[in-house]
Each structure stands twice: as structure tokens, then as C-alpha cells.
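Because only heavy atoms are used, hydrogens play no part in the values below, and waters and symmetry mates are left out as well, while side chains stay in.
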Amino acid sequence: PKVPRCRSRASRWPPGIEEPAGTWAMWLRRPGLLACAVALCALRPAVAERIHAVGDADDRPQRLVRFNTSSSPADRPDLELLRDRVKRGLIRRILAFVPFRYQVASCHRCNSVTLWGPDGPRHVLHGHTAEITGIRFFPLGDRVLTWSEDGSAIVWDASTGSQLSRHEQGGAVSRGRVFPSGDRIVTCGKESPCIIWRLGPAEKVATLSDASASKIEVFPSGKSLVTWGLEWATIWSAETGEASCVLRGHTLNIDVAAVFPKSDKIVTGGFDNRAIIWNASSCMVLRELEHSDWVVALAILEGGGAVATVTGDGRTTVWDAVSGRVMRTLVDPTSRRSEFVSGFQAFPQGDLLATYNMREATIWNTSSGVALHRLFASPRAVHGMDIAPAGEIVATCGGGRVIVWNAASGQRSHELRERSANGRRSTNGAPEACIVKVGWGGALDPHGF
């Protein structure tokens, strides 16, 4: 009988070099798999930024199939939104094995910004001559935008702390925003019109004609803008700077507004004790949400399925964005009137919300109305807050320091103290305000969180 021949696979390694064995050999023998892993690590911040505003899919599948059989379209869930949440939830779980890295920027009523690493300041950004009024990270965390009362907005390199470009507004800058593509910014002045800038050489793309608008937001598509300041809000084309729609419905000035993710809807809140949900394409009112006091803050929850509002009397309410009914009122029985909610922010994970007052920050589950964690810094030491793009950490500032919290456990991760601030107080005796922002630090950044 014929003796079967043993076919041996030719070695991929040069003669004289022994082929590696073990766990690392799996990666070295499969260069395609290794290339995919490297690309995944490099692209993770970009992919996660795209899914940031949409939210995570629910871990309980029974909630995903609980549909309403009502014949009214307003009572049925948005199936496209549901599919979108599931898809992004799967993406988040696939990317879960790559560790996130973050960086924190803060400013305690001064003309410089501190970029923090886990062991202390990495860079101090000096360039403004008056108080800084806002900080914004670019989508990938490689650059930082700051704006100030000196009438300028500056783009910085986050890795080196160097100034990349300077944009003169012509008056105190009240608001700045970065386009999702990262190639343009928009700034608004307190007494000057909003300007769209192209980065690189400081070049004006368009100047919006409404000089009364002091606040602005960019739509997730990057094709439109919304500005407000008086009793109306205006939708603008980001390419031409022309007004495409004027939203009139409030009887007093609009104070806050928020854009729905992956939708043409926006919500505005004003001093007339109302929040209005609009269709930005048709300029039509979809829902009016009546409140007991003026609307202080707005946030979009569950990828656009719910809206959270805070009113001047400190009440936090969660509304159904389709029907306009009240879903939940978040009440803290331990808080006093002087400690009512002064601001909040939605997590990218579905129905989580973080609120803060002068004493502490609280992470809520808006579906059950339960306070999951209380982040207590010290008395009268929380005056600003921000959440990481993927929701793992929460940063609070006040009293001349920044505290980074683990959102899952509610425990402190880092405490960063500004040497120049030291908890100074303003002329009226109250602690000075502060700004804190969390951005991507890049998977290869050793100073990220």
C-alpha cells in the first residue's frame, strides 16, 4: 500500500529564523488580522464620536420588541430610531476591548486653559487677554477651541499646546462651536453677528445677518445651524450663511435650545415657561411643553425619544418627545431650595442623566427616576460639569480644582488642583465660576484618562 505523504506548510519566515509560537504568533502569522486590530485602535475615537449622541442599545431585549399596536402614528415607536440604537449598541460592544483615553481641559475664571493628564497639568494655554468664556474639544480630541471676552477665538494643538489659528470676532465672543467634520468653526458675539470660519488660514466662510443672535448650535449633519437670542430662533445654511427658516412661537426670549441627533427636529426653551419641539424643515410646531417656571436647561435623551428640562424652580422633568407627556420628575428629597439643580447633561448611554448643584453632582436613571450615584465634592464646590464622549467618566470643577469620577462606580478617579486658582472668591463672596470639558485623548496618548 502507498504510504500517505505528510504535507508540511512552508514557513513564512526566512531560513535560520525560528517561527514564533504562542499567543503573539497568532498575530504575526496573520498580518491581515493585525492590520485590522491596529486600524480599529486608530479609528475608535472617530467611530465612538459618531455614536456619542445616539445612545446605547438596551441590554434588555424584551424592551426592544414591546411595540404599541395603536393606529395613530404618534403612538408608535420610531422603528428606524430603534434599529439605529441597536446597531450602535453592537458597535459599542465590539469596540469595548480597546481602552478609552481622555484628556480634561479646565478654566477657573481666568485667561488661560489647563490641559490635564493623570499626574498633573500637561499644557497651559496662554493667548487670551480677557476672561475665557468657553472651551470645546474637536471631535477627535486633537485640537481645542477656546473663546474669550477679548473678542477672539483660538484653536490649539492639544498634544503640544501650541496655537494653530486665531479668529477675531470684533467683540466679546459668547459662544463657539466646532463642526462635526472638524474643518470649520462658528463663533457668535454678544453684540456682533455669528461668523463661520474655515480652519487653516483664518478665512471667513459666511457671516450670519442676524446680529441679535448670541447663541448657536450645529446640526449633527453639519449642513445647518440654529441661532437664538430673542423671541425667535433661525435655521441657517452652513454653506451659504442664508436663513432658511425662522421659528416663531415664544412670547419671551429663548434662553436654551438643543438639536435632536440624526433628525431635523430641535427643541427651544424660554422665559415664557415653555419648551417647544419644532420640525426644522417645515418650521412647524410639533409639541409645546408647559412648565411652572422658565426653562434653564435642555437635554436630549435616548437618542431623541425623550427630552429633559430644568426650570428656574429647580425641577427636573423628563418628557416624551413624541406625545409631549411627562414621563418622570426627578426629585432629590435630600436637597434644599438653595441646592436646586443648576445644570445637567445627558449621557450617551440611553436614559442616564447627570445633574449638578452647588453641593454635588448626581447620576440618574430617568426610566426609573432612581439616583444611581451622588458625586459629593465638598460644600459649594461644584460649578461646572462635563461627561466623557463615551460616558465612562464625569468631570466636575469648582473651588480651584477638577475631580474626575468613574461614572459606573461613582468613585473618584483623579483630583486635579489648579495652583493659580486656589478656590478664589469673586467680589460678591460667591465661589468663582469654572469651565471643564472632557475630550478624546487618542488611544496612543499616555497622558489620557
Side-chain angles (χ1 to χ4, degrees), residues 50 53 133-134 136 138-139 145 147 151-153 155 165 167-271 274-287 295 297-300 304 307:
R50 295 288 300 275
T133 54
R136 205 78 171 184
F138 276 67
L145 171 66
W147 57 94
S152 67
V155 178
S165 61
H167 310 268
E168 297 294 339
Q169 178 73 23
V173 183
S174 60
R175 183 70 66 96
R177 288 295 181 265
V178 180
F179 279 75
S181 59
D183 60 343
R184 288 175 296 171
I185 63 172
V186 58
T187 58
C188 288
K190 294 181 179 179
E191 298 179 354
S192 58
C194 300
I195 301 175
I196 302 174
W197 304 86
R198 194 181 309 278
L199 298 182
E203 176 188 357
K204 290 184 181 180
V205 176
T207 300
L208 309 186
S209 57
D210 187 3
S212 64
S214 58
K215 299 178 181 179
I216 193 166
E217 285 292 344
V218 181
F219 279 73
S221 63
K223 298 180 180 179
S224 302
L225 311 166
V226 56
T227 61
W228 67 95
L230 296 179
E231 298 91 351
W232 64 87
T234 308
I235 309 296
W236 306 82
S237 169
E239 301 297 333
T240 62
E242 297 179 356
S244 59
C245 183
V246 178
L247 310 178
R248 299 183 182 273
H250 288 276
T251 57
L252 295 176
N253 287 4
I254 298 174
D255 186 39
V256 289
V259 180
F260 281 70
K262 204 176 180 180
S263 173
D264 59 351
K265 296 190 297 183
I266 68 170
V267 56
T268 57
F271 291 94
R274 289 190 301 164
I276 302 178
I277 301 176
W278 307 82
N279 185 316
S281 300
S282 61
C283 301
M284 299 296 294
V285 175
L286 300 179
R287 293 292 176 186
V295 181
L298 290 167
I300 310 299
V307 176

K.L.:
Starting at CG of Asp183, measure out to CG of Leu199 and round the result to the nearest 0.5 Å.
P.N.:
7.0 Å

K.L.:
Kindly write out the residues that satisfy ring pair (Phe, Tyr, Trp, His ring centres under 6.0 Å) with His167, not counting sequence neighbours, or none if the list is empty.
P.N.:
Trp197

K.L.:
Side chains of Leu247 and Ile254: does their closest heavy-atom pair fall under 4.5 Å?
P.N.:
no

K.L.:
Dump the intermediate steps for side-chain contact (heavy atoms from CB on, under 4.5 Å) on Arg198 and Phe179, then the final yes or no.
P.N.:
CA-CA 10 Å; Arg198 194 181 309 278; Phe179 279 75; over 6 Å; no

K.L.:
To the closest 0.5 Å, what do you measure between NE2 (His250) and CD1 (Ile276)?
P.N.:
3.5 Å

K.L.:
Considering non-hydrogen atoms only, spot the tightest contact between Lys190 and Ser174 and give its length.
P.N.:
CG-CB, 3.7 Å

K.L.:
Considering only distance and modelled atom types, tabulate donor-acceptor pairs under 3.5 Å from the side chains of residues 219-234, sequence neighbours left out.
P.N.:
from   : atom 1 : to     : atom 2 : distance (Å)
Ser221 : OG     : Lys223 : N      : 3.4
Thr227 : OG1    : Trp236 : NE1    : 2.8
Trp228 : NE1    : Asp255 : O      : 3.3
Trp232 : NE1    : Asp210 : OD2    : 3.4

K.L.:
What I'd like to find out is whether the side chain of Trp278 reaches to under 4.5 Å of the side chain of Val285, using heavy atoms alone.
P.N.:
yes

K.L.:
I need the Leu208 CG to Ser192 OG distance, nearest 0.5 Å.
P.N.:
11.0 Å

K.L.:
Excluding sequence neighbours, so at least two apart, what forms side-chain contact (heavy atoms from CB on, under 4.5 Å) with Ala258?
P.N.:
Val267, Leu298, Ile300

K.L.:
Do the side chain of Arg184 and the main chain of Val205 share a donor and acceptor less than 3.5 angstrom apart?
P.N.:
no

K.L.:
How far does OG1 of Thr268 sit from CG of Asn253, to the nearest 0.5 angstrom?
P.N.:
12.0 Å

K.L.:
Check whether more than 12 heavy atoms from other residues, nucleotides or ligands sit under 6.0 Å from atom CD of Glu191, and answer yes or no.
P.N.:
no

K.L.:
Restricting to salt bridge (Lys or Arg N to Asp or Glu O under 4.0 Å), what partner residues turn up for Glu168, sequence neighbours left out?
P.N.:
Arg166

K.L.:
Could you tell me whether a side-chain N or O of Ser214 sits under 3.5 Å from a main-chain N or O of Arg175, the two making a donor and an acceptor?
P.N.:
no

K.L.:
Do you know the tightest heavy-atom contact between Ala206 and Gly241?
P.N.:
CB-CA, 3.8 Å

K.L.:
Any idea which heavy atoms bring Phe271 and Leu252 closest together, and the distance?
P.N.:
O-CD1, 3.3 Å

K.L.:
Could you tell me which residues satisfy side-chain contact (heavy atoms from CB on, under 4.5 Å) with Val178, sequence neighbours excluded, listed by chain and number?
P.N.:
Arg136, Phe138, Pro139, Leu145, Ile185

K.L.:
Minimum heavy-atom separation for Glu217 and Arg177, please, with both atom names.
P.N.:
OE2-NH2, 3.1 Å

K.L.:
By side-chain contact (heavy atoms from CB on, under 4.5 Å), which residues pair with Ser244, not counting sequence neighbours?
P.N.:
Ile235

K.L.:
Over all heavy atoms of both residues, which pair between Cys283 and Val246 is shortest? Give the atoms and the distance, please.
P.N.:
SG-N, 4.1 Å

K.L.:
For the residue pair Gly269 and Val295, what are the closest heavy atoms and their distance?
P.N.:
CA-CB, 4.0 Å

